[in-house]
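Proteins come first, then strands; the chains are lettered A, B, ... in the order of their sequence lines, and each starts at number 1. Values below: every heavy atom of this structure, side chains too, minus hydrogens, waters and symmetry copies. The shown structure was predicted, so the numbers you read here are calculated from the model rather than taken from an experiment.
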Amino acid sequence: MTAPSRTDQPHKIQPPRGTRDLYPAEAARRRWLTERWREVSVRHGFEEVDGPTFEASDLYAVKSGDGILGELFQAFSGKSPDEVEQVKDTGRAPYALRPEFTPTLARMYAAKAAGLPKPCKWFMAGPFFRAERPQRGRLREFLQWNCDVLGLDIPTEKWNAEDAESRAEVAEAKARMDAECIACCVADLESLGLAPSDVSIHFGSRDVVTNMLNEMEIPESRHTQILNLLDRQSKLAPKDFAAECDRLGFHMHRFQVLQGICIDAMKQGFPWIGLNSDEHAVTFDFKSMALLATEIEKLGITAWCKPDLSIARGLAYYTGTVFEVIADGERAVAGGGRYDNLIELFGGPKTPAVGFAMGDVVLSLLLQDKGLMPSGDELMGLVGQHPDVFVLSNGDEAAEARVRPTVAALRRGGESLAGLHVRHSYKATKNVGKLLKEAAQQGARFAVIIEDAESCSVKDTRTNEQWPDKVPLTDLHARLAGAM
RNA sequence: GCGGCUGUAGCUCAGUUGGUUAGAGCACCAGGUUGUGAUCCUGGGGGUCACGGGUUCGAAUCCCGCCAGCCGCCCCA
């Protein structure tokens, strides 16, 4: 054995900040959530992929600003002196734990783009890491569900064509793919028991906002600041917000009018596609949002969706549609948008793409807020962890001796009989009442009471009734299988 | 990186102006009501009062430090 750890109190090492220990109930909750993610994704025609949980740190330098790099968990193998030197010199390790999936996805798609279906619909669910200070809704290790649609459902030669006809076709195709993503996200929320009164998808468009800013004659250099300001509006006092707007030359009132037009239009099914409102001297091009709203309507999820031009998303790489899942009192549950230039940045063919990510931390808080997080018996049932059978004896010596062999035989199964999930008590008591209580607590489907060396009684916990006849132990498995 | 709040049993928490051996409920384990789930009764294990100093005859309690957690700011891929 190696020497004891050099730390003073090796017994008191705590889990790292911002991580979670998952005891059975929490592990079951996590399984339930991720199973919902998978089931919904598959149902919507997405295929599961995954990548490494750590990547070359350069991958995250390609498109990210300094903000991201500062909050990477860094890693190095320690096997090479060069690596160690690199860390000392540059402060940057050769690897980083993945803080998001999009770069990996872009890398994977770029590497095999030619042979992949068009469009290519991928999802993944797994752990991610960010070295941030933990707070409500934000941890350093979390699970994230990513759904992306890469490419369009029209011939590839049209994807980047410039003629007016192709461009119109592309715009419609993009709206279709955007809506598919949003619909998949909505399906998950619905499958978790949430309703439009609990959460909504706020969608906006970078294009529309950019048009608006241009029309206001705001220099491009300030666009990012304004997007950021819009994003933070809810955190600012109205007068501070107004002051900031003035400082940046942003016509807040005009924006609010525009926002109002959007919302009204949504209620009326966007009848004004392609129209501009002279009334407010608005000359922005709403077309992309109108197309998306039309698709949302076709997919039957209008009730969940609200146009909201203030959705900015921090990411610089979003190009068109952006959306967030927003619930009162929590930070964004999910977010995503269109990133038409990113695949190219990672060395692939220029490919329009759209996707979103949903984290488990805020989602769990939201479900708790709404009383929708299953627990106890219900949870065990949802994740299929109820025992099929709980075996006990009546306390007689000969019967007691058959408990463990019977459990083992039922678990093992046989030629045509699948092994069952079987438990027995580890308690010392021979009190049948207490043992049946234990069987009930564990949610067992059947309780088997061994009566003597050869036979048992079977109690169906659903009907709470005992089978009329005693069952020979040799027939038990077949009888149980027939009853389930 | 900055600020606020909180640390007593596995969990939720009592603990008086500082005063004997630090408590309850739940949970867990065991026994009983002598063989069929909801109860009831009895008993048990389990705490360096986060940790380290200080004040005091005496500290869970007051002071300082430190660690951890939570909440917020920054940021949010």
**Asked** Of the candidate nucleotides B/C29, B/G31, B/C75, which contains the atom at the shortest distance from the side chain of A/K427?
**Response** B/C29
**Request:** Between B/C5 and B/C66, how far apart are the P atoms? Round to whole Å, please.
**Result:** 15 Å
**Message:** Work out how far the P atom of B/G10 is from that of B/A50, and round it to whole angstrom.
**Reply:** 13 Å
**Request:** May I have the distance from A/R331 (atom CZ) to B/C75 (atom C1'), rounded to whole angstrom?
**Result:** 10 Å
**Message:** Any donor-acceptor pair, under 3.5 Å, between the side chain of A/R17 and the base of B/A68, if you only look at N and O atoms?
**Reply:** no
**Request:** Using the C1' atom as the reference point in each nucleotide, state the distance between B/C62 and B/U21 in Å, no decimals.
**Result:** 24 Å
**Asked** Taking only residues two or more places apart in sequence or in another chain, which ones pass side chain to side chain donor-acceptor pair (under 3.5 Å) with A/R479?
**Response** A/D469
**A/E100 side chain, from C-beta outward: closest of B/A77, B/C76, B/G31** = B/A77
**Prompt:** By side-chain contact (heavy atoms from CB on, under 4.5 Å), which residues pair with A/K434, not counting sequence neighbours?
**Reply:** A/T429, A/N431
**Asked** Nearest-Å distance, CG (A/L236) to C1' (B/C73)?
**Response** 12 Å
**Prompt:** How is A/R98 classified with respect to the nucleic acid when contacts are heavy atoms under 4.0 Å: base, sugar-phosphate, or nothing?
**Reply:** nothing
**Message:** Between B/G52 and B/A68, how far apart are the two C1' atoms, rounded to whole Å?
**Reply:** 15 Å
**Message:** Could you tell me how far B/G47 sits from B/U8 if I compare only their C1' atoms? Round to whole Å.
**Reply:** 8 Å
**Message:** Could you tell me how far B/C67 sits from B/U20 if I compare only their C1' atoms? Round to whole Å.
**Reply:** 32 Å
**Request:** Quick one: list whatever passes side chain to side chain donor-acceptor pair (under 3.5 Å) with A/R133, sequence neighbours left out.
**Result:** none
**Request:** Return the 5'-most residue of the pair A/G18, A/P99 with respect to RNA chain B, ranking by each residue's nearest nucleotide.
**Result:** A/G18
**Request:** Take the protein atom CD of A/E71 and the nucleotide atom P of B/A77, then report the distance between them rounded to whole Å.
**Result:** 11 Å
**Prompt:** For A/R31, what residues pass the salt bridge (charged side-chain N to carboxylate O under 4.0 Å, His left out) criterion, not counting sequence neighbours?
**Reply:** A/E35
**Request:** Measure from CG on A/D231 to C1' on B/C74 and round the result to the nearest Å.
**Result:** 14 Å
**Fill in**
From the candidates B/C70, B/C76, B/C71, the one with an atom nearest any side-chain atom of A/R136 is B/C71
**Test salt bridge (charged side-chain N to carboxylate O under 4.0 Å, His left out) applied to A/R38 - qualifying residues, sequence neighbours left out** = A/E48
**Prompt:** Under the side chain to side chain donor-acceptor pair (under 3.5 Å) test, which residues partner A/E55, sequence neighbours left out?
**Reply:** A/T104, A/R107
At a cut-off of 3.5 Å, list every protein nitrogen or oxygen paired with a nitrogen or oxygen from nucleotides 34-39 of chain B, distance to 0.1 Å.
{"unit_1": "B/G35", "atom_1": "O6", "unit_2": "A/N394", "atom_2": "ND2", "d": "2.9"}
{"unit_1": "B/G35", "atom_1": "N1", "unit_2": "A/E451", "atom_2": "OE1", "d": "2.7"}
{"unit_1": "B/G35", "atom_1": "N2", "unit_2": "A/E451", "atom_2": "OE1", "d": "3.2"}
{"unit_1": "B/G35", "atom_1": "N2", "unit_2": "A/E451", "atom_2": "OE2", "d": "2.9"}
{"unit_1": "B/U36", "atom_1": "O2", "unit_2": "A/Q466", "atom_2": "OE1", "d": "3.2"}
{"unit_1": "B/U36", "atom_1": "N3", "unit_2": "A/Q466", "atom_2": "OE1", "d": "2.7"}
{"unit_1": "B/U36", "atom_1": "O4", "unit_2": "A/Q466", "atom_2": "NE2", "d": "3.4"}
{"unit_1": "B/G37", "atom_1": "N7", "unit_2": "A/N464", "atom_2": "OD1", "d": "3.1"}
{"unit_1": "B/G37", "atom_1": "O6", "unit_2": "A/T461", "atom_2": "O", "d": "3.3"}

**Asked** Ring centroid separation for A/F73 and A/F129, is it under 6.0 angstrom?
**Response** no
**Request:** Please tell me which of A/T429 and A/N228 maps to the more 5' nucleotide of RNA chain B, matching each residue to the nucleotide holding its nearest heavy atom.
**Result:** A/T429
**Message:** From CE of A/M358 over to C1' of B/C76, roughly how many Å is that when rounded to an integer?
**Reply:** 17 Å
**Item:** B/A24 to B/A59 separation - P atoms, rounded to the nearest Å
**Value:** 24 Å
**Asked** For the residue pair A/F250 and A/F255, is the inter-centroid distance of their aromatic rings smaller than 6.0 Å?
**Response** yes
**Item:** Residues forming a side-chain contact (heavy atoms from CB on, under 4.5 Å) with A/L143, sequence neighbours excluded
**Value:** A/R30, A/T34, A/W37, A/P127, A/D360
**Complete:** When rounded to whole Å, the NZ to P distance for the pair A/K430 and B/A30 reads 11 Å
**Message:** Is it the case that B/C76 (base atoms only) and A/R232 (side chain only) share a donor and an acceptor within less than 3.5 Å, ignoring hydrogens and angles?
**Reply:** no
**Request:** Measure the distance from CZ on A/F323 to P on B/A77 and round it to the nearest whole Å.
**Result:** 13 Å
**Message:** Dot-bracket for RNA chain B, please. Rules: Watson-Crick or G-U, both distances under 3.5 Å, ( ) within the strand, [ ] when a pair crosses earlier ones, | for another strand, . otherwise.
**Reply:** (((((((..((((.....[...)))).(((((.......)))))......((((..]....)))).)))))))....
**Message:** Rounding to an integer number of Å, can you tell me how far A/E132 CD sits from B/A77 C1'?
**Reply:** 9 Å
**Prompt:** With rounding to whole Å, what would you report as the distance between B/C71 and B/C28 at their C1' atoms?
**Reply:** 33 Å
**Asked** How would you list, by chain and number, every residue that makes a salt bridge (charged side-chain N to carboxylate O under 4.0 Å, His left out) with A/R445, sequence neighbours excluded?
**Response** A/D460
Tabulated below should be each protein N or O lying under 3.5 Å from an N or O of nucleotides 1-12 of chain B; please produce it.
{"unit_1": "B/C2", "atom_1": "N4", "unit_2": "A/R133", "atom_2": "NE", "d": "3.4"}

**Request:** Tell me, please, whether A/F128 has A/R98 positioned over its six-membered ring: NZ or CZ under 6.0 Å from the ring centre and within 45 degrees of its axis?
**Result:** yes
**All side chain to side chain donor-acceptor pair (under 3.5 Å) counterparts of A/Q259, not counting sequence neighbours** = A/D308
**Request:** Verify whether one side chain among A/Q233 and A/D231 offers a donor that lies under 3.5 Å from an acceptor in the other.
**Result:** no
